[in-house]
Amino acid sequence: MSTWIAAFVAVAAIAATYFFCVRPALRRRCAASGTTGADPVTDRQIAELREELRMLRAQDALDGGRISRSHPTPPATGA
């Protein structure tokens with residue numbers, strides 16, 4: 001009998017995951033906050049955070065020595 005209870009709990013968990021997570025994600029809606037994916041304020045904040053992350057990664061690459069800070073000198077031409 002406990003096998004049937006375990007199977008029921010598994011099916012209930014799968015159904016809950018589908019209805020509360022997968023289906024809203026397919027519709028580009030967040031079920032927890034009730035907001036839609038077309039919010040311009042949120043989109044702007046995400047863009048700003050992505051730009052900040054890009055700048056931090058570039059600075060880290062410079063500090064880590066993976067990218068040379070000096071500009072390469074052009075080859076000398078023979079006169």
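Nothing here was measured: the structure is a model prediction, and the numbers come from that model.
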*Asks:* Between V22 and L26, is any pair of side-chain heavy atoms under 4.5 Å apart?
*Replies:*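 Sidechains of L26 and V22: in contact.
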*Asks:* Take atom CZ of R44 as the centre, draw a 6.0 Å sphere, and report whether it contains more than 12 heavy atoms from other residues, nucleotides or ligands.
*Replies:*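 More than 12 within 6.0 Å, yes.
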*Asks:* For the atom pair CZ (R57) and CZ (R54), what is the distance rounded to the nearest 0.5 Å?
*Replies:*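 If we round to the nearest 0.5 Å, R57:CZ and R54:CZ are 11.0 Å apart.
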*Asks:* So do the side chains of L49 and E52 get within less than 4.5 Å of each other, counting heavy atoms only?
*Replies:*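 With C-beta onward as the side chain, the pair touches.
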*Asks:* Quick one: pull up CE in M55 and CG in D60 and give me the separation to the nearest 0.5 Å.
*Replies:*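 M55 atom CE to D60 atom CG measures 14.0 Å (nearest 0.5 Å).
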